[in-house]
There are 2 protein chains.
Amino acid sequence: MKNINIRELALELNLSVSTVSKALNDSYEISEETKRRVLETAARLNYVPNPYASSLRGRKSKNIGVVIPEVADSFFSLAINGIESVAKEKGYHVLICLTHESFENERTILKEFQGGRVDGVLLSVSRETTQCNHISDLIANGLPLVFFDRACDNVETAKITTDDFESAYKATAHLIQQNCDQIAFLSISKSLSISNKRLEGYLQALSDYQIKVDQKYIIHCSNDAEQNYLLIKKLLQQKNKPNGIIASVEKLTTPVYMACEALKLKVPKDVKIVCFSNLETAAILNPSLTTITQPAFEMGKTAATLLFRALENRNFSLIKEDFIIPSTLVVRGSTSH
Amino acid sequence: MKNINIRELALELNLSVSTVSKALNDSYEISEETKRRVLETAARLNYVPNPYASSLRGRKSKNIGVVIPEVADSFFSLAINGIESVAKEKGYHVLICLTHESFENERTILKEFQGGRVDGVLLSVSRETTQCNHISDLIANGLPLVFFDRACDNVETAKITTDDFESAYKATAHLIQQNCDQIAFLSISKSLSISNKRLEGYLQALSDYQIKVDQKYIIHCSNDAEQNYLLIKKLLQQKNKPNGIIASVEKLTTPVYMACEALKLKVPKDVKIVCFSNLETAAILNPSLTTITQPAFEMGKTAATLLFRALENRNFSLIKEDFIIPSTLVVRGSTSH
DNA sequence: CTGAAAGCGCTAACAA
DNA sequence: TTGTTAGCGCTTTCAG
């Protein structure tokens with residue numbers, strides 16, 4: 001059961017290497033009979049082509065790189081499924097690379113991509129990313145890149161996002177309608193565009209409903225779960241504690257709930273909560289969680305589809321090819337009875 | 001900012017290709033001064049090596065393949081982090097391949113690996129996998145492979161698992177001690193070794209506590225969430241409905257809770273629930289969920305460490321190198337007050 | 001329809 | 001210490 005290369009396969013068949021190669025690639029130059037023989041023998045000898053040899057020769061890897069902050073996150077893992085579904089159809093492989101929210105990791109990964117590891121890139125930037133030269137460089141190098149979810153505004157390429165501003169607005173308005181007048185906003189980054197758009201949606205809603213903005217209700221969380229928990233707890237311990245919370249990112253769900261429990265605050269009576277989250281368990285939390293649910297699978301799918309359009313047609317420009325796929329506010333027990 | 005290859009780099013430096021190559025690989029044959037010059041120029045010209053060329057030449061890819069059923073699952077995403085942490089240290093890349101619980105996908109992926117895409121494999125088999133020739137073939141082909149979590153008993157190679165039998169036993173005993181006498185067991189596969197070991201642990205506990213086994217309490221779930229929900233609902237609607245449930249896999253958590261809610265069954269009063277689960281939200285569910293929490297990160301890490309030992313030392317045999325890392329029963333509200 | 005041969009970018013044996 | 005060269009496995013002209 002040893003692995004065989006194309007030369008040994010050709011030898012076995014009494015054919016030339018090139019004929020075998022063409023037969024394997026279903027070339028029109030080869031007779032049906034020969035193709036059949038080649039395929040049959042290839043199967044019998046357990047021939048599996050070396051992808052690196054083809055990549056090297058053809059200067060294309062048949063790989064796309066997916067660079068995301070984290071895989072232990074419902075949004076990203078669902079997005080991966082969306083991406084995969086189209087990559088598979090196109091005969092491509094997906095290289096999942098995790099930045100763990102570190103700018104340095106992100107830069108290293110993208111840099112490596114310049115060596116030809118991938119033919120195109122789908123990127124959701126890390127929370128630390130404030131400066132985007134590493135991304136522009138990659139694109140200048142000829143690698144098509146599509147942002148999804150977390151984009152860099154000042155890089156000119158396709159961006160697949162959701163309606164961050166509008167959903168945050170909706171979430172805030174919803175809390176206001178549920179009689180919240182002291183609403184906290186938990187951000188994960190001062191630089192991330194999605195964070196800022198969500199923050200702006202929140203601010204706009206407050207302004208439209210004539211609620212004054214209080215800076216102490218705007219919390220910038222870190223990447224450390226324990227520290228976030230303490231931060232949220234502190235927020236909920238102050239004199240004028242909020243009666244509504246918007247968590248702009250899924251991983252803040254648990255610390256928020258834990259803090260409420262620790263402080264014996266009743267949800268939704270004392271505090272109402274909305275999270276940007278794709279957690280499957282949202283419906284069975286205590287109480288069930290009102291969410292802004294993002295179209296994760298679809299965003300991944302759309303981003304990948306766009307990337308492949310660029311891959312298949314070098315004239316197709318990704319600039320201005322932006323798509324905004326709306327999220328849904330799902331009202332549950334954490335904001336109503 | 002165009003990408004440069006080693007020949008152009010050599011040209012620029014007035015050196016030969018091989019000198020440059022050796023300098024880049026920090027060979028002892030090259031003077032410090034030359035190394036410095038090469039590195040400096042490489043950085044200036046934005047040289048990034050083509051990994052496929054080195055792979056082809058060196059017949060090693062510096063990639064390990066991680067084959068798992070699903071990425072939208074806490075256990076697997078945490079395990080990935082564990083695997084990644086050691087791969088990174090070793091200068092390897094991780095190729096994550098998803099089978100989506102399909103045997104056919106699994107076979108295709110492993111087959112492709114024979115082409116040289118990866119130097120070693122970490123595998124958690126699909127729920128459909130009953131027959132393991134595709135795995136033995138791969139190993140016979142010279143690729144080191146380590147199972148983690150879901151192994152094939154009859155394939156001789158390292159297996160990193162958790163104490164499935166014992167944890168299921170503990171979970172069952174716990175339910176019995178909480179006065180459950182009609183305990184259902186939700187399996188996801190009749191063939192998967194983990195499923196069977198968990199089932200056996202359950203059966204053993206019943207036997208030890210002199211509770212008779214009732215086949216109608218042993219439910220084999222499918223891969224379809226909706227269908228599982230209906231199955232569980234049906235289970236809970238019968239005359240002698242169970243007063244305890246053990247879900248042998250994380251993704252059954254939501255359907256179990258939903259079914260209880262739909263049928264207005266109070267947890268833990270009417271039914272007590274334990275799930276094999278690494279859900280971060282277990283503690284904030286309604287009610288908080290008693291779990292068997294698996295050492296996901298550590299299992300991934302251990303599996304990867306073992307694989308690298310085999311990769312670094314071709315004399316090291318993976319046979320009989322099995323590790324069992326214990327899980328923890330975390331008692332919460334779904335089984336007690 | 002089939003085959004010979006060049007070469008993708010890199011490494012390493014061997015020569016100098 | 002540096003350079004020459006062959007070749008990893010494959011695809012693709014180009015010639016037959």
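Since this is a predicted model, take the numbers as computed values, not measurements.
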Legend entry - Leu9(A) CG to dG3(C) P, straight-line distance once rounded to whole Å: 13 Å

Legend entry - Interatomic distance, Phe148(A) atom CZ to Phe76(A) atom CZ [nearest 0.5 angstrom]: 6.0 Å

Legend entry - Gap between atoms CZ and C1', on Arg37(B) and dT1(D) respectively (whole Å): 13 Å

Inset, instruction - Check the side chains of Ser126(B) and Thr129(B) for a donor-acceptor pair under 3.5 angstrom, ignoring hydrogens and angles. - result: yes

Inset, instruction - Please report, rounded to the nearest Å, how far the P atom of dT2(C) is from the NZ atom of Lys35(A). - result: 10 Å

Inset, instruction - Look at all strands and tell whether Thr34(A) reaches a base, only sugar-phosphate, or nothing, counting heavy atoms closer than 4.0 Å. - result: sugar-phosphate

Legend entry - Worked verdict on Ile80(B) versus Ile68(B) for side-chain contact (heavy atoms from CB on, under 4.5 Å): CA-CA 9 Å; Ile80(B) 287 173; Ile68(B) 54 177; 3.8 Å; yes

Inset, instruction - Check whether any side-chain N or O of Ser21(A) sits under 3.5 Å from a backbone N or O of Val17(A) as a donor-acceptor pair, and report yes or no. - result: no

Legend entry - Donor-acceptor pair, side chain of Ser55(B) and main chain of Pro51(B), under 3.5 angstrom: yes

Legend entry - Nucleic acid footprint by protein, nucleotides 9-16 of chain D - heavy-atom cut-off 4.0 Å, B for base, S for sugar-phosphate alone: BBBBBB--

Legend entry - Thr305(A) and Thr302(A): side chain donor to acceptor below 3.5 Å: no

